[in-house]
There are 2 protein chains.
Amino acid sequence: METLRERKKQRTRDALLRAAVELFTSQGYEGTTVDEIAAAVDVSQRTFFRYFAGKDEAALALVEMTVERFVEAVRARPPHEPPLEALRQAVLEGWYSINEVVESVVPVELYLRMYRVIESTPVLLAAHLRRSVEVEEDLARVIAEREGLDVDADPRPRLAVAVFSGVMRVTERQWSTGADFSLDRIRALTSLYLDGVGPALLGDWREA
Amino acid sequence: METLRERKKQRTRDALLRAAVELFTSQGYEGTTVDEIAAAVDVSQRTFFRYFAGKDEAALALVEMTVERFVEAVRARPPHEPPLEALRQAVLEGWYSINEVVESVVPVELYLRMYRVIESTPVLLAAHLRRSVEVEEDLARVIAEREGLDVDADPRPRLAVAVFSGVMRVTERQWSTGADFSLDRIRALTSLYLDGVGPALLGDWREA
DNA sequence: GAGGTTAGTGACAGCCGCTGACAATTGACA
DNA sequence: TGTCAATTGTCAGCGGCTGTCACTAACCTC
């Protein structure tokens, strides 16, 4: 069992995160001040910054949880799977198991709404994209290791991951700006767009 | 001929941009305050913000010039070229004509150094990536139009552009973190990686 | 070329995100 | 229970950014 201190810390962090997400999704990211979040948990502003490096980190914390899980899922895919297949399966796994990851902090409903806030708030989208670049680097190393390659000598791991991530970006964007904002929808879109990348790279689209 | 007012404005903007880039490249982005930049041009801080929406906009202004040029170059490619070929040629054109675009404000040398600052400053990299997403949307529309497609009905334009942009991201990153930081180098890397994307997408890399 | 109009600027005040420093409090552990 | 360490609150301050308003300089018309 954890110590009382650790439990208290965890509770404070969860409370801050929950309060932040609730405020962000209801009044918008820019329309929410850190003071408000801290006040909602009855904690000093300084304490907020001891748990989150910045306001944006609180906004991205939920997505971060799923992202870490996704990288682990790729790492755990059977080694014989080709790179793109492993990435595809891992991301689909992620969308199916999202409940268990998020629900301990906030309802999935809030997670989805937070996703829209991120996508529609320039500074958050920027931070999210920057984080994605780091994740791509991690993924490239995982893929390289799976294939027994040196990530700095062979460009294919980074290129494959970049292509995959590019497709996922399009997917997220279409999903978050569309009308059907359900989990089923993004699962479907993921498969659809991953299947579509081949045809999109063919020289002449008019033949197809 | 432009009016005197417009010329003055242009000169102030250029001076601010030049001062900003010089300070950013010499003392770093975070290590430079807006007050410093304004003082270097002998202008109030308030005036700086009348020309640039934020400190980051001044840091990205040079790249923005080349990006706009690039989009125009894609638009101007011969219509019979397949999408990826048009994008490839346009980006290479861009690297060859960069002097004429940038030199009116700062020496190309400074432009290149600024690129490294962007790539190594988290908040700038984030802003740069966010802008890239917007550019991708523009490019997708251009490509769709070239091919006579509806960008919202056919996913291929967005997918092709996303793949291309992903490869260019890898290129920029490798270039800016490598030892050879020359124009020749990025031209070579661009071709190399664009050629590499095909093999990277094949199912089994061990065959190749 | 005088006089009114408009655009650009400076000065000031203020909000918000974020940080360092130090003191106060609370849990851990002997 | 007393000591030590971890957590928190308070306060002071910096830097990015914005609204406001008065002032100056360029423009335009007669």
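Order of the sequence lines sets the chain letters (A, B, ...), proteins ahead of strands, with each chain counted from 1.
With A:Phe164 as the partner, the side chain to side chain contact (heavy atoms under 4.5 Å, CB included) test is satisfied by one option alone out of A:Leu84, A:Ile143, A:Leu159: A:Leu84.
A:Lys55 places no side-chain N or O within donor-acceptor distance of the main-chain N or O of A:Ala20, the cut-off being under 3.5 Å. When atom types are taken as modelled, the side chain of A:Tyr29 and the backbone of A:Asp56 share a donor-acceptor pair closer than 3.5 angstrom. Distance alone, capped at 3.5 Å, is enough to place a donor-acceptor pair between the B:Arg113 side chain and the B:Thr25 backbone.
Salt-bridge check for B:Glu137 with B:Arg141: passed, with a basic side-chain N closer than 4.0 Å to an acidic carboxylate O. The residues A:Lys8 and A:Glu2 are annotated as not salt-bridged, no charged nitrogen and carboxylate oxygen being separated by less than 4.0 angstrom.
Put simply, CD on B:Glu30 is 9 Å from P on D:dG16, counting in whole angstrom units.
A parallel orientation is assigned to the rings of B:Trp175 and B:Phe181, their planes being inclined by less than 30° (bins at 30° and 60°).
Of all the residues in residues 33-58 of chain A, A:Thr33, A:Val34, A:Gln45, A:Arg46, A:Phe49, A:Arg50, A:Ala53, A:Gly54, A:Lys55 reach under 4.0 Å from DNA chain C with at least one non-hydrogen atom. Residues from residues 8-29 of chain B with heavy atoms under 4.0 angstrom of DNA chain C, sorted by number: B:Lys9, B:Thr12.
A:Phe48 contributes atom CZ, which lies 4.5 Å from atom CD1 of A:Ile37 (distance to the nearest 0.5 angstrom).
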